[in-house]
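Following: one structure in structure tokens, then a few remarks.
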Amino acid sequence: MITLWGRRSSANVQKVLWALGELALQFDRKTVGGAFGGTRDEAYLRMNPNALVPALQDGDVTMFESNAIVRYLAARYHPGVLQPAEWPRRAAAEQWMDWQQNSLAAPVVSIFMNTVRSDLQPGSPAAVEAAQAAINRAFAIADAHLASNAWFAGSEFSFGDIVAAVFLWRYRGMGYSFADFAHLSRWFASATDRAAFKAHVELPVARTLEEWTQIERQLA
């Protein structure tokens, strides 16, 4: 049995949940992290010494780092579904997965931390402005690629689409738009129409600290 540790409101946990859904895998989820705590317990730290979510156990395999977990699941279960079988498409999926982590995640998280999570740090308008500029640069790159590709890996959906769409869902949910990027918008509409997305990611996104606290409780 696959066991996933993490709260449903976490974008990084949602990546794994979406992948599990696409692969039709049975799993058990344990709610930890954020307001629920548990990530600094000795037993959890043995699984994820970073004290973050998610962590995953699958038989004798124990992992942390959400993108690595998604790649592992795609390779071990039903290769060719999320992990493209052809090397050119697999290379593209891997590339865009790293692009999400290096170019998209950090500025989206910065906006979240400087607006919603005002309990952890004072909000900085300058930081939000810098993050928005970085996001727009990333969006322009993705939009140009998607002008001639249905998905990030080409003609078929892959794990490269999962990790990017989760963070765009968080970004749009905070009240921001990417409507000026037509190809990115078309791709996002297709990604968010998938059943596994609707089951695991299409959840409320907080815009204020009060909303975040309420959503955390609701999504236990």
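Each residue takes its place number in the sequence, starting with 1.
Not a single side-chain hydrogen bond (donor to acceptor under 3.5 Å, both in side chains) links D193 to another residue, sequence neighbours left out. Residues meeting the ring-ring contact (aromatic ring centres under 6.0 Å, His included) test with F178, sequence neighbours left out: F139, F188. Every residue two or more places apart in sequence or in another chain was checked for a side-chain hydrogen bond (donor to acceptor under 3.5 Å, both in side chains) with D60, and none qualifies. Every residue two or more places apart in sequence or in another chain was checked for a ring-ring contact (aromatic ring centres under 6.0 Å, His included) with Y72, and none qualifies.
A salt bridge does not link E86 with R90: every distance from a Lys NZ or Arg NE/NH1/NH2 to an Asp or Glu carboxylate oxygen is 4.0 Å or more.
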Checklist line | salt bridge (Lys or Arg N to Asp or Glu O under 4.0 Å) between R207 and E211, intermediate numbers included | finding: CA-CA 6 Å; R207 300 190 186 191; E211 287 182 356; 5.6 Å; no
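D143 contributes a side-chain N or O that, together with a main-chain N or O of L184, makes up a donor-acceptor pair within less than 3.5 Å. Panel note: side chain T213, backbone L209; a donor-acceptor pair is recorded below 3.5 Å. A donor-acceptor contact shorter than 3.5 Å is absent between the side chain of N67 and the backbone of D98.
Ring geometry for F197 against W18 counts as perpendicular: the plane angle is over 60°, on a 0 to 90° scale with 30° as the lower cut.
Each side-chain hydrogen bond (donor to acceptor under 3.5 Å, both in side chains) pair with one or both residues in residues 178-192, not counting sequence neighbours, appears once here: D161-W187. Judged as a side-chain hydrogen bond (donor to acceptor under 3.5 Å, both in side chains), the pairs with a partner in residues 163-173 (not counting sequence neighbours) are, in order, Q132-Y171.
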